Structures are given as C-alpha cells and as structure tokens.
Amino acid sequence: MARQLLKVQNFNVSLDGVAAGEDQSLEHPFGSHLDPARIFAWCGATASWPTRTEEGGSRGLDDYLVRDFSHNIGAEIMGRNKFGPQRGPWQDLRWQGWWGDEPPFHTPVFVLTHHPRPSFTLSDTTFHFVDADPAAALEMAKEAAGGKDVRLGGGVTTIREFLAAGLVDTLHVAVSPVKLGSGLRLWDSPEELTDRYHLDVVPSPSGVTHHLFWRK
C-alpha cells in the first residue's frame with residue numbers, strides 16, 4: 001500500500017510571504033487589512049473553481065492545480081482560526097464554519113483547538129475538534145482517511161507548526177505578485193525550506209508563481 005502523504009495544496013501568499021492579516025473577525029475572515037481577492041484571484045478565475053456560476057474560466061496549469069485539490073484526499077487538518085473567528089472557550093456552538101450547509105471538503109476534517117467540542121456533520125463533511133499536537137493529529141487524520149492522503153489546510157500558523165515538526169511531505173504555494181507588508185507570514189523567503197525540500201518554481205500566465213515543494 002502506498003504511503004499516505006500530508007499535503008499542502010493551493011496555499012496562497014503574497015510576494016512578501018503574507019498569507020493572512022491580523023485581527024481576524026466575522027466580517028474579515030482573513031484579517032482586517034487583507035483583501036483575499038488580491039492573492040486568491042488566480043484560482044477563482046479557473047474553469048474548475050467549485051463555486052463558479054458562469055461558463056468559461058481559464059485552463060492550463062492554474063486550472064489543473066485547482067482540479068487536483070481533492071485528488072486522493074481522505075481527510076483534512078486545519079487550525080481553529082481557519083474554522084472560525086472565535087477564541088478561547090466556545091461561546092456559541094451554533095457556529096459551524098464559514099462554508100454553509102455544503103462545506104467544500106467532503107471528508108472528515110480535524111480542527112485543532114485547545115477547547116474541543118462535539119463533532120458534527122454537514123452534508124458529507126464531518127468536523128472533529130481535537131486538542132492534539134501535530135503528530136497525534138496526523139495519526140488521527142490518516143486513520144480516518146482510509147489509506148488516502150491528508151491535506152493540511154492551514155492557516156499559516158498551523159502549516160508552520162507542521163513544517164517545524166517535519167511532517168509535511170509536499171507543498172504547493174501560489175505566490176501572488178503583490179506585497180502586503182504586514183500580517184502572518186509563511187516565510188520570509190521560500191529558500192528557507194530548500195534544506196529539507198526540493199523546489200520547482202513555475203510561473204503562470206495569470207501572474208502567480210507556483211512553488212512546488214517535495215521532501216528530499
């Protein structure tokens with residue numbers, strides 16, 4: 001049986017490595033000063049973007065990477081701040097994520113939090129809330145994935161923790177040609193990871209540059 005991989009896919013950062021702003025809130029999921037369109041526009045423009053409502057969209061490399069997002073993925077791990085804006089003990093269990101009644105994951109999702117709450121299911125996605133270190137969370141996700149790979153969905157702090165623990169097998173990071181100046185950074189330079197990963201850098205006609213890392 002093939003080894004299960006932990007994969008970061010379609011993660012978006014600016015030229016200066018910023019993936020999210022500060023002061024996240026219900027009104028500003030990516031932080032008060034970050035307009036997500038500035039770093040996400042490339043994927044929304046593709047023909048395969050899942051919420052596309054009209055015909056058309058780009059093909060080529062960008063579209064391939066959007067289509068590959070769910071290929072052979074059996075579970076997702078995310079940090080609590082990707083799931084929602086609340087901090088500390090849960091004040092409102094009615095909050096069920098940003099994604100409405102049809103979340104885009106279609107797998108078990110393991111939300112890392114120091115304040116577990118009961119699991120719940122929306123459509124074909126079940127959210128589990130676990131107080132676990134990266135290695136333990138990955139073992140839970142691999143078991144739930146049924147032999148498929150596990151996606152590490154973010155946010156940036158969670159990805160940095162899993163990188164520091166040496167658990168990430170492959171990363172795809174899309175670097176948009178804008179500078180945001182401040183916020184939560186994945187890196188100061190992608191070269192920081194080249195002691196542990198091979199790196200291919202592939203420019204796209206959309207203006208983003210795809211950074212594809214795989215473990216040495």
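Source: prediction; values computed, not measured.
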Do you know which two heavy atoms are closest between [X] and [Y], and how far apart they sit?
{"X": "Val66", "Y": "Pro50", "result": "CG1-CD, 4.5 Å"}
{"X": "Ala137", "Y": "Ala132", "result": "N-CB, 4.0 Å"}
{"X": "Gly153", "Y": "Lys82", "result": "O-NZ, 3.2 Å"}
{"X": "Ser58", "Y": "Asp63", "result": "O-CB, 3.4 Å"}
{"X": "Leu167", "Y": "Ala135", "result": "CD1-N, 3.6 Å"}
{"X": "Trp98", "Y": "Asn81", "result": "NE1-O, 4.4 Å"}

[X] side chain vs [Y] backbone, donor-acceptor pair below 3.5 Å:
{"X": "Arg196", "Y": "Thr194", "value": "no"}
{"X": "Gln91", "Y": "Pro89", "value": "yes"}
{"X": "Glu102", "Y": "Ser123", "value": "no"}
{"X": "Glu139", "Y": "Ala136", "value": "no"}
{"X": "Ser176", "Y": "Ser14", "value": "no"}
{"X": "Arg117", "Y": "Leu93", "value": "yes"}
{"X": "Asp68", "Y": "His71", "value": "no"}
{"X": "Arg80", "Y": "His114", "value": "no"}

Any non-hydrogen side-chain atom of [X] less than 4.5 Å from a side-chain atom of [Y]?
{"X": "Asp16", "Y": "Arg185", "result": "yes"}
{"X": "Leu199", "Y": "Leu193", "result": "no"}
{"X": "Trp90", "Y": "Thr113", "result": "yes"}
{"X": "Phe69", "Y": "Pro104", "result": "no"}
{"X": "Leu163", "Y": "Val8", "result": "no"}

(request) Hey, can you tell me if Phe83 and Phe120 have their rings parallel, tilted or perpendicular (30° and 60° cut-offs)? (result)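 Phe83 and Phe120: tilted rings.
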(request) Just say parallel, tilted or perpendicular for the rings of His211 and Trp187, cut-offs at 30° and 60°. (result) tilted
If you measure from [atom1] on [X] to [atom2] on [Y], what distance do you get to the nearest 0.5 Å?
{"X": "Phe162", "Y": "Leu152", "atom1": "CZ", "atom2": "CG", "value": "5.5 Å"}
{"X": "Arg151", "Y": "Thr170", "atom1": "CZ", "atom2": "OG1", "value": "11.5 Å"}
{"X": "His106", "Y": "Thr126", "atom1": "NE2", "atom2": "OG1", "value": "12.5 Å"}
{"X": "Ile73", "Y": "Leu5", "atom1": "CD1", "atom2": "CG", "value": "8.5 Å"}
{"X": "Glu143", "Y": "Gln4", "atom1": "CD", "atom2": "CD", "value": "10.0 Å"}
{"X": "Ile159", "Y": "Phe11", "atom1": "CD1", "atom2": "CZ", "value": "4.0 Å"}

(message) Under 3.5 Å, is there a donor on one side chain and an acceptor on the other for Thr107 and Glu76?
(response) no
(request) Could you verify whether a donor N or O on one side chain and an acceptor N or O on the other, from Thr46 and Ser48, lie under 3.5 Å apart? (result) no
(request) Could you tell me whether Asp169 and Arg215 make a salt bridge, using a distance below 4.0 angstrom between a side-chain N and a carboxylate O? (result)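 Between Arg215 and Asp169 there is a salt bridge, with a charged N closer than 4.0 Å to a carboxylate O.
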(request) Could you point out which residue of Asp62, Asn12, Asn10 forms a side-chain hydrogen bond (donor to acceptor under 3.5 Å, both in side chains) with Trp42? (result) Asn12
If hydrophobic clusters are built from ILVMFWY residues whose side chains come within less than 4.5 Å, do [X] and [Y] share one?
{"X": "Trp214", "Y": "Leu171", "value": "no"}
{"X": "Trp99", "Y": "Phe129", "value": "yes"}
{"X": "Val168", "Y": "Ile77", "value": "yes"}
{"X": "Leu65", "Y": "Phe105", "value": "no"}
{"X": "Val156", "Y": "Val208", "value": "no"}

(message) The criterion is side chain to side chain contact (heavy atoms under 4.5 Å, CB included); which residues satisfy it with Thr157, sequence neighbours excluded?
(response) Glu161, Leu184
(message) Pair Val175, Leu15 - check side chain to side chain contact (heavy atoms under 4.5 Å, CB included), show working.
(response) CA-CA 6 Å; Val175 179; Leu15 268 178; 4.0 Å; yes
(message) Taking CG in Asp101 as the centre, count heavy atoms belonging to other residues, nucleotides or ligands within less than 6.0 Å. Is the count above 12?
(response)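 Not more than 12 within 6.0 Å, no.
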